[in-house]
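Below is one structure, written out as structure tokens; comments come after it.
Residue numbers begin at 1 in each chain, while the letters A, B, ... track the order of the sequences.
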There are 2 protein chains.
Amino acid sequence: MSDPTEDQLVALGTAFETFARRYKLADALRSERPLAELDKAVLLYVAEHAGCGPTDVARFLGVPTTTLSSATDRLAKRGFLKRERIEADRRAVALTLSEAGAAYAQAQVETYRRMYMLMLSRLSPDERDRFIAMITKIVYNDG
Amino acid sequence: MSDPTEDQLVALGTAFETFARRYKLADALRSERPLAELDKAVLLYVAEHAGCGPTDVARFLGVPTTTLSSATDRLAKRGFLKRERIEADRRAVALTLSEAGAAYAQAQVETYRRMYMLMLSRLSPDERDRFIAMITKIVYNDG
DNA sequence: GAAGATATAACGAAGTTCGGACTATTCAAC
DNA sequence: GTTGAATAGTCCGAACTTCGTTATATCTTC
């Protein structure tokens, strides 16, 4: 199988670049004091992994545990996150979202969802499946 | 034309999420003291728009001019960027990359290029064109 | 040539990241 | 069971980034 052509690489690059920039600009429009990028990532992770520990999150996101500690501090202070010592291992802390945190995470997910919706809307129904199949192949290499 | 299905939205979302995370982790592996995200963006913009002014860059990237000033400071200090007062309007400054800056920008571009190459390599030659056509349609809505 | 607009830089406050030191537990081995 | 190493998490402080306010120099326009 031959290599991708130069034109293809350039086209993909400019598309990505444009997309990323637009996405960033759109993101900046939100009115509340925005959570730090890291904090949002933490929130979404904990939403999916209730009861996990800070170390899990840090490893998943690829940041030092001290950095993650700052993030959980901020989130706890804003009332988005609860930290509870657990019985099984009293060194450990179990992270869970508060109601407000869950709401924020949900809103975040909704925002993404709307964006995906918009993106897919520009394709025909047939194309949508094909596009997703291809991007899945690219990301997971499971073709 | 009907709406995208829930499954499609979820599939696209997880693919993106995985991709973004992997990309971030890979990026963190680089050994030099990394430039700030903004600084990299500035470098790439100036690479494409030699002689442009700070205000242009700030507007393009959607950051306050003062923030951009910090960025150009850092880049100039590291010897990546030259700032020269221009004759035509002596308030204005023309930004150009130094040789080192151009090299850095080039390396950055190379990194992206390799990533795109890897991505497209996972598709068959036929799929590549179709994928790019679709993503172009999505991003530019010019279908 | 005075008033106002424009391009940029200097300064400083607020916030983020992360290395190093520290505490509290648990585990392992004797 | 006590000692020593490993583990989970936090606190502190230095370095850095962002961005609002303010200052400076230079056009522009009437």
For residues 75-83 of chain B, which side-chain donor-acceptor pairs fall under 3.5 Å, sequence neighbours excluded?
| unit_1 | atom_1 | unit_2 | atom_2 | d |
| --- | --- | --- | --- | --- |
| Arg83(B) | NH1 | Thr72(B) | OG1 | 3.3 |
| Arg83(B) | NH1 | Asp73(B) | OD1 | 3.0 |
| Arg83(B) | NH2 | Asp73(B) | OD1 | 3.0 |

Under 3.5 Å, which donor-acceptor pairs link side chains of residues 49-69 of chain B to any protein atom two or more places apart or in another chain?
| unit_1 | atom_1 | unit_2 | atom_2 | d |
| --- | --- | --- | --- | --- |
| His49(B) | ND1 | Tyr45(B) | O | 3.0 |
| Asp56(B) | OD2 | Gly53(B) | N | 3.0 |

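Pairs passing the side chain to side chain donor-acceptor pair (under 3.5 Å) check and including a residue from residues 89-98 of chain B, sequence neighbours excluded, read Asp89(B)-Arg91(B).
Taking 4.0 Å as the cutoff to heavy atoms of chain A, we find the contact window on DNA chain C bounded by dT16(C) to dT26(C).
Here Asp39(B) pairs with Arg74(B) under the salt bridge (Lys or Arg N to Asp or Glu O under 4.0 Å) rule; sequence neighbours left out. Remark: Glu48(B) engages no residue in a salt bridge (Lys or Arg N to Asp or Glu O under 4.0 Å) (not counting sequence neighbours). Under the rule for a side chain to side chain contact (heavy atoms under 4.5 Å, CB included), Glu99(B) has no partner lying at least two apart in sequence or in another chain. Considering only residues two or more places apart in sequence or on other chains, Glu6(B) meets the side chain to side chain donor-acceptor pair (under 3.5 Å) condition with Arg113(A). Taking Thr18(A) as the reference, Tyr140(B) meet the side chain to side chain donor-acceptor pair (under 3.5 Å) condition, with sequence neighbours excluded. Not counting sequence neighbours, the partners of Glu37(A) by the salt bridge (Lys or Arg N to Asp or Glu O under 4.0 Å) test are Lys40(A).
Arg22(A) places a side-chain N or O within donor-acceptor distance of the main-chain N or O of Val139(B), the cut-off being under 3.5 Å.
Residue whose closest nucleotide on DNA chain C sits further toward the 5' end, between Arg83(B) and Ser70(A): Arg83(B). In terms of position along DNA chain C, the nucleotide closest to Asp73(B) lies nearer the 5' end than the nucleotide closest to the other residue of the pair Leu68(A) and Asp73(B).
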Measure all distances between protein nitrogen or oxygen atoms and nitrogen or oxygen atoms of nucleotides 21-24 of chain D, and list the pairs falling under 3.5 Å.
none

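Within the 4.0 Å cut-off from OP1 or OP2 of dT18(D), not a single side-chain nitrogen or oxygen of Thr67(B) is found. Applying the 4.0 Å criterion to OP1 and OP2 of dA8(D), one finds that Arg90(A) has every side-chain N and O outside that range.
Leu81(A) has its CG atom 14 Å from the C1' atom of dG9(D), to the nearest Å.
Comparing atom distances between the Arg85(A) side chain and each of dC19(D), dT10(D), dT18(D) picks out dT10(D) as nearest.
Heavy-atom distances under 4.0 Å link DNA chain D to no residue of residues 48-58 of chain B.
Cluster membership check: Tyr23(B) shares its hydrophobic cluster with Ile135(A), using side-chain heavy-atom separations under 4.5 Å among Ile, Leu, Val, Met, Phe, Trp and Tyr.
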